[in-house]
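Reading through the structure tokens given below for one structure.
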There are 2 protein chains.
Amino acid sequence: MGTKADQCRKQILETADNLFYQQGFDHTSFSDIADAVGIARGNFYYYFKTKDDILSAVISKRGDDILQMLQEWDESIPDPRDRLKRYVHILIKSKDEIEQYGCPMGSLCTELAKLRHSEQDNANDLFEIFRNWLVEQFKLLNHKKDAKQLALHLLARGQGVALITNAYQDKTFLRNEAKDLEDWVDKL
Amino acid sequence: MGTKADQCRKQILETADNLFYQQGFDHTSFSDIADAVGIARGNFYYYFKTKDDILSAVISKRGDDILQMLQEWDESIPDPRDRLKRYVHILIKSKDEIEQYGCPMGSLCTELAKLRHSEQDNANDLFEIFRNWLVEQFKLLNHKKDAKQLALHLLARGQGVALITNAYQDKTFLRNEAKDLEDWVDKL
DNA sequence: GTCTATATACGGATAGAC
DNA sequence: GTCTATCCGTATATAGAC
């Protein structure tokens, strides 16, 4: 799959992914993507028939990226507690992007909910990927019964921090909360 | 100020406020608002010159509404701890709207950040109103030094719960987290 | 103050030459 | 596969009759 067309398609996806994150889905036009990639608007439809097709592909790509990341964590981090800490550490690692654009998953789900978009459920499945993985880690830490609840709690905490950090454009709060969450994981 | 024009202006604001909440600012057109109010598109510009003017007015209105609500709480609830619980109780009281549309403040700030809209700072000031009030309550509970941090924490928790509830379209999590937050307030 | 008609721009989508 | 040209719908915004 290393043909020129596949490369171009991949580049469109990558660019659309970034622009949807930075500008929002609805606010990003074909022109924006085409200009950023460096192709003509018309040529666009050779790769994607509709705008919703691009969104669908971007969401799939994000899902693949997340799954791959979690698999790498599973392989390289043996202790489930350390895995949870690695998850919390996303906040620190992505602090600059979060400050500017918030969480890619959270902001997309929020937007698609308002648009009542047909891809809303698929976007929410990105949350599900994380949640299912978190549930596994909590179960390994002998939290069989409240694993689901704990996973949602951790998801929500991260979303809250990302949203406030984005709104206030200030990273100090993010650092404090990341530390709080690490302590929370330690005390489990 | 009970003239017919003032009434109409007020009705436009109310309608725009709701539609911006339910559909998002960018996705809501003049036609949407005009149709909902029952006036012609053209007549719209008699009241507001640009779409940004409406947004600005809606944000101001929301600020006034919040201030009035907090003042009522101050007058009717003597204990700062009870006031904090009343704040947490917003989640329960607004659970249906949150499930469908998320938090009005949070989702607006998220959208305006992506649009890089000039009203972004004014929207964030709505958060500030709540935060300043929360800071006061924490100080009254002898949390002088970490009042600001605690206020941001509570804000973020609420935002996280609202976002996840909206994404999952499920209120069970909201109920659990609201209870957790009440306990958290109790333990301060 | 309220309406209709319209100017203007932009976005998604298509047709067809090369 | 890539381009230019273009259709069509919709959005903001304006002009002007009533």
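Throughout, protein chains are lettered first and strands after them, A, B, ... in sequence-line order, and every chain is numbered starting at 1.
Sorted by first then second residue, the salt bridge (charged side-chain N to carboxylate O under 4.0 Å, His left out) pairs that include residues 152-173 of chain A, not counting sequence neighbours, are A/Asp96-A/Lys171, A/Glu99-A/Lys171, A/Arg157-A/Glu177.
Judged by distance alone, the side chain of A/Asp183 and the main-chain N or O of A/Asp180 form no donor-acceptor pair under 3.5 Å.
The pair B/Asp65-B/Lys61 counts as a salt bridge, with a side-chain nitrogen and a carboxylate oxygen less than 4.0 angstrom apart. B/Lys179 and B/Glu182 are not joined by a salt bridge, as no carboxylate oxygen comes within less than 4.0 angstrom of a charged side-chain nitrogen. Between B/Arg81 and B/Asp186 there is no salt bridge, since no side-chain N of the basic residue sits under 4.0 Å from a carboxylate O of the acidic one.
DNA chain D lies under 4.0 Å from at least one heavy atom of each of the following residues of residues 29-51 of chain A: A/Ile39, A/Ala40, A/Gly42, A/Asn43, A/Tyr46, A/Tyr47.
Aromatic pair A/Phe25/A/His117: centroids less than 6.0 angstrom apart.
Summarising the geometry, atom CD1 belonging to A/Ile54 is positioned 4.5 Å from atom CD1 belonging to A/Ile33; distances are rounded to the nearest 0.5 Å.
Going from atom NE2 of A/His27 over to atom C1' of C/dG12 covers 16 Å, rounded to whole Å.
The nucleotide range of DNA chain D contacted by chain B, defined by atoms under 4.0 angstrom from heavy atoms of the protein and reported 5' to 3', is D/dA11 to D/dT14.
The side-chain tip of B/Arg9 does not point at the ring of B/Tyr46 from less than 6.0 angstrom away and within 45° of straight on.
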